[in-house]
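Structure first, commentary second.
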Amino acid sequence: MIMSSILLGAALTIASCSTSSDNGTSTGDASVEQGFKIGLLLPESKTTRYETFDKPYMEAKLKELCPKCEVLYQNADQDSAKQQSQAEAMLTQGVKVLILDAVDAKAAGGIVTNAQNQKVPVVAYDRLASGPVNYYVSFDNNKVGQVQGQALLDALSKDGADPKRGDIVMINGSPTDPNAADFKAGAHSVLDGKVNIGQEYDTPDWSPDKAQQEMEQAITAIGRDRVIGVYAANDGTAGGAIAAMKGGGFTTIPPVTGQDAELAAIQRLLTGDQYMTVYKAIKPEAEVAAAMAIAAATGQTYSGESTVMKNNGTKDVTSVLLTPVAVTKDNIKDTVIKDGFYTPAQICTAQFAQACTDAGIS
Ligand code: BGC
């Protein structure tokens, strides 16, 4: 009798271990020696990072950590229902882990629960999906917003200028992306009370075209001469806002923020069309995700970069949060070039050759 209850206790311990959410929900039959299928789901392709950096960096690291693994990749083109069916198809094809950058973090909770029911662990990538996710890797997204807000405030206060001499326009990201809420909160924490916010928008789908329309409306509402700066949450929306100002007859473009260090944005920094962007080193982000995915699929505990706990409304998720860096014309060389994100040749095409020389880049 005593013996059997000890055995029962041991069996329960093993069972609870293998379903423990932080150690992965894997069935335990995935092994690096034999290889297995890994599903990678990215949210959109208008922002250049996903196809240019996230996907290739992730694939390279997964190949290195698990040479026999196969990566199934899908991009949802900003369509939440499409992402749901992409995930279902991957589960049907027998993936042993999902790396998920959610279009809509709440809706993606369904994907996470489905995966969980099939004992497939989920690594939330860049955007924290709801549901019982196993791991999360991203940047400190509130900090991203603070860095953007501070850069804009500094630019507006340059040489003792009054940052309340006119209005700024705030063009935030998509309301379905929890990162967008963090960027917005971080920016407000710096800007509120220090500047006049004339108009503010949340931009569905992070669409650059919608950002352009929002900026056109803002110019009409505020008046061209009163617009002294633009908080744009990323480089795509910054591009839309700048196009609206150029189309609206601005002779000089006031300071505009951004994020992602897209090549077009770095070139706009050089010509003065955009004031700043945020460089987020995507290589370590993708590499941490790859390591988390392999650990979760094989029933191991991730032990790499130092982790923090971040709550996603369902649970506290073991997370790695990396540090964002502000980039202006003055530190392009010391950031994105130094890090090998771009070569000078990629940035300094014929049209930007002079600006590159002036900035000491070529
Ligand atoms: C990412 C940004 C990106 C935006 C639009 C956010 O979740 O963190 O890097 O610009 O989505 O895709």
Side-chain angles (χ1 to χ4, degrees), residues 40-55 57-58 74-80 82-83 99-108 123-130 133 136-148 171-187 201-212 214 231-241 256-266 268 274 276-286 288-289 310 312 319-327 335-336 341:
L40 171 59
L41 294 152
L42 295 181
E44 55 126 334
S45 45
K46 284 190 181 161
T47 300
T48 54
R49 59 171 286 180
Y50 302 109
E51 302 288 329
T52 312
F53 296 111
D54 297 272
K55 175 177 180 271
Y57 282 146
M58 191 102 62
Q74 293 290 343
N75 188 307
D77 294 317
Q78 205 53 260
D79 181 338
S80 166
K82 187 168 170 181
Q83 188 166 64
I99 301 171
L100 170 64
D101 193 341
V103 173
D104 180 323
K106 285 213 179 74
V123 175
Y125 184 64
D126 200 73
R127 302 178 183 175
L128 184 51
S130 59
V133 304
Y136 175 50
V137 56
S138 190
F139 286 78
D140 179 336
N141 293 309
N142 188 286
K143 179 86 185 156
V144 170
Q146 290 175 38
V147 162
Q148 294 170 317
I171 300 191
N172 303 307
S174 162
T176 66
D177 176 355
N179 291 351
D182 286 347
F183 304 146
K184 180 175 169 177
Y201 305 89
D202 289 333
T203 310
D205 300 337
W206 284 98
S207 157
D209 295 342
K210 286 177 191 154
Q212 183 167 347
E214 289 163 357
Y231 166 85
N234 75 350
D235 290 334
T237 50
V256 179
T257 65
Q259 168 180 193
D260 290 335
E262 290 196 352
L263 187 55
I266 297 292
R268 289 194 296 260
Q274 185 170 328
M276 69 86 69
T277 182
V278 177
Y279 171 51
K280 301 193 296 187
I282 295 170
K283 191 164 188 248
E285 187 184 21
V288 168
K310 193 160 160 78
N312 71 343
S319 306
V320 170
L321 298 179
L322 305 166
T323 306
V325 177
V327 184
T335 53
V336 289
F341 203 59

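Side-chain atoms are counted along with the backbone in the values below, which use heavy atoms only and exclude waters and symmetry mates. Atoms within each ligand, like the ligands themselves, are counted from 1 in listed order. Source: prediction; values computed, not measured.
- Annotation: ligand 1 has protein neighbours Glu44, Thr47, Arg49, Tyr50, Asp126, Arg127, Asp177, Asn179, Phe183, Trp206, Asn234, Gln259, Asp260, Lys280, each with a heavy atom less than 4.0 angstrom from the ligand.
- For the residue pair Gln78 / Lys46, no side-chain donor-acceptor distance below 3.5 Å is found, with atom types taken as modelled.
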Task: Residues Asp126, Arg49; criterion salt bridge (charged side-chain N to carboxylate O under 4.0 Å, His left out); working and verdict - done: CA-CA 12 Å; Asp126 200 73; Arg49 59 171 286 180; 3.5 Å; yes

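- Residues Thr47 and Glu44 are in side-chain contact: their nearest non-hydrogen atoms beyond the backbone lie under 4.5 Å apart.
- Side-chain contact check for Asn142 and Asp182: no donor-acceptor pair (N or O, by modelled atom type) lies under 3.5 Å.
- Across every non-hydrogen atom of Ala211 and Thr203, the tightest pair is N-CG2, 3.9 Å.
- No hydrogens or angles considered: nothing links the side chains of Asn234 and Trp206 as a donor-acceptor pair under 3.5 Å.
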